[in-house]
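Chain identifiers are assigned alphabetically (A, B, ...) following the order of the sequence lines, protein sequences preceding nucleic acid strands; residue numbering begins at 1 within each chain. Note that the coordinates shown come from a computational prediction; the quantities given were computed from them, not determined experimentally.
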Amino acid sequence: MSLEEQKKEIESLGLKIEEKKKAKSEEKLLPPLPNAEIGKVVTRFAPNPDFVIHIGNARPAILSYEYAKMYNGKMILRFEDTDPRTKTPIKEAYDLIREDLKWLGVKPDEEYIQSLRLNIFYEIAKEMIKKGCAYVDKSGDESKKLLSNGMAPPNRNSSPEENMEEFEKMLGNYYKEGEAVLRIKTDVNHPNPSIRDWIAFRLIDTSAHPHPIVGDKYVLWPTYNFAVSVDDHLLGITHVLRGKEHELNTMKQEYIYKCMNWNMPNYIHFGRLKLEGFIMSKSYIRKIMSENPGNFLGYDDPRFGTISGLRRRGILPESIKEVILEVGIKIGDAKLSWTNLASVNRKKLDPIADRLMFVSKPVKVTVEQPSCIEAKIPLHPDKPERYRIIKVCNGDEIFIDENDLKLKKFRLMELANYEYKDGMLKFVSKGVQDARKEKLQIIHWVLAKDSKQMLIREPEGLQFKDYNGIVENYITNYNKNARLQFLRFGFIIIDNVNPLIGFLTHR
RNA sequence: GCCGCGGUAGUAUAGUCCGGUCCAGUAUGCGGGCCUCUCGAGCCCGUGACCCGGGUUCAAAUCCCGGCCGCGGCACCA
């Protein structure tokens with residue numbers, strides 16, 4: 001069978017599995033959304049493009065997409081890149097996030113980039129100033145102090161006209177960073193100090209901190225809560241699915257909706273999602289990568305909990321989707337166990353991964369047998385029509401795992417039964433029945449003259465456990481990213497073809 | 001410290017709103033068996049949980065109060 005045919009085969013198989021799984025996950029429906037009407041639900045996934053996304057971000061992304069689909073609505077991707085200074089967006093991150101979403105099967109209907117919408121935010125800000133809902137505050141830390149004591153900053157009662165003039169000055173580069181902010185009038189006595197007249201716009205010196213998309217074109221930038229409220233409304237978002245770290249933001253945003261007389265979307269806040277044993281934190285990943293350059297393979301290092309890391313490790317997007325749907329929208333935190341993800345993934349991999357033999361602790365032994373034997377070994381136990389033939393003759397050298405050799409007597413899978421004596425592998429009998437009768441262990445093996453060296457790396461926390469082993473030469477029929485099962489070893493993914501390097505996805 | 005929110009087996013989740021059908025379902029893990037020329041998959045059996053203490057009630061995982069534990073927020077970050 002040609003490689004092309006094989007691919008088709010796998011695809012057709014993969015599709016079947018997909019269908020099977022779909023039927024299953026349709027049984028497990030997501031709970032209904034409040035106030036949701038078929039055809040009218042609009043959700044959004046709004047990442048900050050300052051890094052790649054991880055499995056925790058995948059939760060709002062997948063749920064937003066799935067709910068939109070469930071209600072025949074639409075889902076919007078919105079890049080929230082309104083801080084060129086402390087959370088500076090990375091130019092490449094926009095595409096990397098798009099790629100990760102595509103891989104996850106999340107297909108947004110529309111896409112927006114907030115840094116390209118600043119004029120819209122300015123217009124809404126002006127409306128709010130006219131309505132007396134916002135004011136320009138030039139008192140810096142003094143205002144902060146006053147507010148924390150429940151008192152009004154000096155400019156709080158300026159007229160809309162005065163504020164408009166000041167706002168234009170902010171826009172016109174009249175003030176420097178830190179000299180003026182636009183505040184939303186809330187309640188200076190609100191029990192939570194951070195809600196008291198929160199800041200909607202601040203000045204950022206973009207000549208010193210250029211934005212990756214708009215450079216130094218703008219100095220006046222909206223804060224998260226302002227930009228989010230305006231865009232959620234303007235883009236017609238009906239349901240916001242986000243982490244519980246935003247609960248307070250929802251309260252802040254309410255003031256905008258009230259002032260503008262807009263209807264608030266429905267909010268669903270869920271808990272934090274962690275993947276046991278994986279690093280997810282952007283800042284920590286960045287830190288260890290810069291502290292140990294050369295020790296990590298990139299943001300897609302299989303030891304990281306990033307989407308690209310899991311992909312590179314060999315996890316299937318359907319597996320991620322399945323566990324995310326399983327976790328659902330509970331407010332409580334969830335620690336996904338790796339065993340669980342691995343088990344879900346294994347079941348999806350099992351029918352599509354070809355089986356090959358790889359000896360992780362190879363010992364070379366010579367066989368002694370009366371004649372040549374041809375082993376016809378299926379590439380997959382369920383598909384006996386796809387196979388390779390390995391011919392073994394007297395005097396050939398074979399690699400066997402050091403632990404298996406201790407068994408002394410065993411069956412080489414699909415070949416024959418042998419006894420290890422005097423440093424030689426002596427032929428005993430051929431039939432598998434004999435092996436069964438004697439309860440011989442069936443072990444894997446690799447014919448030396450038909451083999452390749454391969455490095456398999458098992459991610460273990462921040463380390464790799466490396467296996468410098470020997471694999472069948474047949475592996476050259478597969479490309480980078482091919483997923484295989486090495487018999488009695490585990491599921492692997494080919495990361496590099498020359499030299500041969502793979503990652504152990506899981507056992 | 002202050003504000004808010006949670007706590008079902010090792011892990012994840014169903015049930016909690018509208019108390020009885022829950023001596024708590026499912027998946028995974030673990031133990032055993034079957035099947036299989038893999039230590040994978042599949043099939044079967046088993047194991048294992050309502051944070052603690054009070055209260056309300058004929059009846060509480062479900063309602064109320066207190067405690068303990070955990071999480072989130074308290075930015076000119078998102």
Side-chain angles (χ1 to χ4, degrees), chain A residues 24 27-28 31 46-51 79-83 85-89 114 137 140-141 143-144 148 177-183 190-196 198-204 220-225 227-228 242-252 269 271-274 276 282 322-328 330-344 346-351 353 355-357 375 377-378 380-382 403-404 411-417 431-433 435-436 440-444 485-491 506-507:
Chain A
K24 229 186 214 172
E27 283 168 29
K28 202 235 146 110
N48 179 342
D50 67 340
F51 204 66
F79 288 105
E80 308 208 314
D81 54 349
T82 57
D83 181 8
R85 186 175 188 162
T86 52
K87 282 206 174 162
T88 319
Q114 288 191 318
D137 172 16
D141 288 342
S143 299
K144 199 172 180 176
S148 70
E177 212 174 83
E179 285 182 353
V181 294
L182 184 78
R183 287 187 184 273
H190 191 102
N192 191 322
S194 85
I195 288 185
R196 298 174 193 165
W198 56 268
I199 292 171
F201 282 85
R202 80 292 208 195
L203 294 161
I204 293 171
L220 185 58
W221 289 84
T223 57
Y224 171 81
N225 280 304
V228 164
R242 47 159 44 156
K244 66 178 172 189
E245 66 271 23
H246 289 294
E247 279 173 326
L248 186 68
N249 290 325
T250 303
M251 288 189 238
K252 291 190 185 179
H269 296 112
R272 306 283 257 186
L273 180 64
K274 283 179 200 156
E276 180 190 86
K282 291 175 185 181
E322 191 170 317
V323 297
I324 297 264
L325 291 183
E326 167 78 26
V327 168
K330 282 205 338 169
I331 184 83
D333 293 343
K335 273 175 292 175
L336 284 177
S337 72
W338 169 250
T339 346
N340 215 128
L341 214 208
S343 156
V344 168
R346 187 183 302 118
K347 279 168 194 162
K348 295 181 193 300
L349 236 34
D350 191 76
R355 270 57 166 177
L356 249 49
M357 296 191 284
I377 313 179
H380 192 285
D382 300 340
N403 291 321
D404 289 338
R411 174 172 180 79
L412 298 191
M413 188 176 163
E414 299 280 5
L415 188 70
N417 312 316
V432 67
Q433 308 311 335
R436 286 200 176 121
L440 293 183
Q441 173 89 264
I442 295 162
I443 67 168
H444 59 285
Q485 189 203 126
F486 285 167
L487 288 163
R488 302 210 301 141
F489 183 76
F491 290 86
H506 42 65
R507 304 265 168 202

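Side-chain contact between A:Arg488 and A:Gln441: present, with at least one pair of heavy atoms (C-beta onward) separated by less than 4.5 Å. Between A:Lys244 and A:Asp333 there is a side-chain heavy-atom pair separated by less than 4.5 Å. In this structure, the side chains of A:Leu341 and A:Glu276 stay at 4.5 Å or more apart for every pair of heavy atoms.
Annotation: the span from A:Asn249 atom CG to A:His269 atom NE2 amounts to 8.0 Å, rounded to 0.5 Å. Atom-to-atom distance recorded for A:Ile331:CD1 and A:Glu247:CD is 4.5 Å, nearest 0.5 angstrom.
Between A:Arg196 and B:C74 there is no side-chain N or O to OP1 or OP2 distance below 4.0 Å. Distances shown here put every side-chain N or O of A:Arg507 at or beyond 4.0 Å from the OP1 or OP2 atom of B:G40. A:Ser194 has no side-chain polar atom (N or O) that falls below the 4.0 Å cut-off from OP1 or OP2 of B:G73. An OP1 or OP2 oxygen of B:A12 is reached within less than 4.0 angstrom by no side-chain nitrogen or oxygen of A:Lys330.
Of the candidate nucleotides B:U36, B:G72, B:U28, B:G72 has the atom lying nearest to any side-chain atom of A:Arg272. Candidate nucleotides B:G6, B:C37, B:C74 were compared by shortest atom distance to the side chain of A:Leu248, and B:C74 ranks first. Which of B:C37, B:G29, B:A78 sits closest to the side chain of A:Arg346 comes down to B:G29. Closest to the A:Val327 side chain, of the nucleotides B:G72, B:C76, B:A12, is B:A12. Comparing B:G73, B:C77, B:U38 by their closest approach to the side chain of A:Glu245 singles out B:G73. Distances from the side chain of A:Ser343 to the nucleotides B:G40, B:C37, B:G29 place B:G29 closest. Counting only heavy atoms from C-beta on, A:Arg202 has its side chain closest to B:A78 among B:A78, B:C71, B:G29. Closest to the A:Gln485 side chain, of the nucleotides B:U38, B:A78, B:C5, is B:U38. When each of B:U13, B:C76, B:C74 is scored by its nearest atom to the side-chain atoms of A:Asn192, the top-ranked nucleotide is B:C74. Relative to the side chain of A:Asp83, the nucleotides B:A78, B:C71, B:C39 differ in distance, and B:A78 lies closest.
Taking atom OH of residue A:Tyr224 and atom P of nucleotide B:A78, one finds them 9 Å apart after rounding to whole Å. Distance A:Leu349 CG to B:G42 P: 13 Å, rounded to the nearest Å. Between the CG atom of A:Asp333 and the P atom of B:G73 there is a distance of 10 Å, rounded to whole Å. Rounded to whole angstrom, the span from the CD atom of A:Gln433 across to the P atom of B:U36 amounts to 10 Å. Between A:Arg488 atom CZ and B:U36 atom C1' the separation is 14 Å, expressed in whole Å. In this structure, NE2 of A:His246 is placed 11 Å from C1' of B:G72, rounded to the nearest angstrom. Put simply, CD on A:Glu326 is 15 Å from P on B:U11, counting in whole angstrom units. Distance A:Lys244 NZ to B:G72 C1': 5 Å, rounded to the nearest Å.
Here, B:U57 and B:C52 have their P atoms 23 Å apart, quoted to the whole Å. Taking atom P in both B:U21 and B:C43, one finds a spacing of 30 Å when rounded to whole Å. Rounded to whole Å, the separation between the C1' atoms of B:G40 and B:U16 comes to 39 Å. Comparing the P positions of B:G46 and B:C65 gives a spacing of 41 Å, expressed to the nearest Å. For the P atoms, the distance linking B:U62 with B:C2 amounts to 28 Å, nearest Å. Spacing of P atoms, B:G20 relative to B:G25, comes out at 16 Å, to the nearest Å. Atom P of B:C51 sits at a distance of 24 Å from the matching atom of B:U28, rounded to the whole Å. B:A49 and B:U11: their C1' atoms are spaced 12 Å apart (whole Å).
The main-chain N or O of A:Ile204 is never found under 3.5 Å from a side-chain atom of A:Trp221 such that the two would form a donor-acceptor pair. In this structure, A:Asn417 contributes its side chain and A:Gly431 its backbone to a donor-acceptor pair below 3.5 Å.
At a cut-off of 3.5 angstrom, counting only N and O atoms as typed in the model, there is no donor on one side facing an acceptor on the other between the side-chain of A:Glu276 and the base of B:U11. The base of B:A78 lies outside donor-acceptor range of the side chain of A:Asn225, with no N or O pair under 3.5 Å. Residue side chain A:Arg411 reaches the base of B:C37 through a donor-acceptor N/O pair under 3.5 Å, judged by distance alone.
Across all strands, A:Phe491 comes closer than 4.0 Å only to sugar-phosphate atoms, never to a base (heavy-atom distances). Using a 4.0 Å heavy-atom criterion, one finds that A:Pro381 contacts the bases of the nucleic acid, with or without backbone contacts as well. Contact annotation for A:Asn340: base contact, defined as any heavy-atom pair under 4.0 Å involving a base atom. Residue A:Gly178 is classed as a base contact, given a heavy-atom separation below 4.0 Å to a base. Counting non-hydrogen atoms under 4.0 angstrom, A:Asp382 reaches nothing in the nucleic acid. A:His269 comes within 4.0 angstrom of no nucleic acid atom, judged by non-hydrogen atoms across all strands. Among the atoms of the strands shown, only primed sugar atoms or phosphate atoms (P, OP1, OP2) are found under 4.0 Å from some heavy atom of A:Glu80. No engagement by A:Asn403 is indicated, since no non-hydrogen atom pair under 4.0 Å with the nucleic acid exists. Counting non-hydrogen atoms under 4.0 angstrom, A:Lys335 reaches the backbone sugars and phosphates but no base.
Across every strand in view, B:C5 sits in a pair with B:G70 that passes the Watson-Crick or G-U test at under 3.5 angstrom. Using Watson-Crick or G-U wobble geometry with both donor-acceptor distances under 3.5 Å, B:G31 finds its partner in B:C45. A 3.5 Å limit on both hydrogen-bonding distances identifies no Watson-Crick or G-U partner for B:G40. Summarising the base pairing, B:U57 is matched to no nucleotide, lacking a Watson-Crick or G-U wobble pair whose two defining distances lie under 3.5 Å. B:C50 is unpaired under the Watson-Crick or G-U wobble criterion, no partner having all donor-acceptor distances under 3.5 Å. In this entry B:U62 has no Watson-Crick or G-U wobble partner, no candidate having both defining distances under 3.5 Å. Across all strands shown, B:U13 is found opposite B:G25 as a Watson-Crick or G-U wobble partner, with both distances under 3.5 Å.
Mapped onto RNA chain B by nearest heavy atom, A:Met251 and A:Phe489 fall at different nucleotides, with A:Met251 at the one closer to the 5' end. Nearer the 5' end of RNA chain B, as judged by each residue's closest nucleotide, is the contact made by A:Glu247, out of A:Val344 and A:Glu247.
The cationic group of A:Arg507 does not satisfy the cation-pi geometry with A:Phe491, failing either the under 6.0 Å distance to the six-membered ring centre or the 45° limit from the ring axis.
The shortest non-hydrogen separation linking A:Arg183 to A:Lys144 is NH2-N, 4.3 Å.
Under the 4.0 Å criterion applied to side-chain N and carboxylate O atoms, A:Arg355 and A:Asp350 are assigned as salt-bridge partners.
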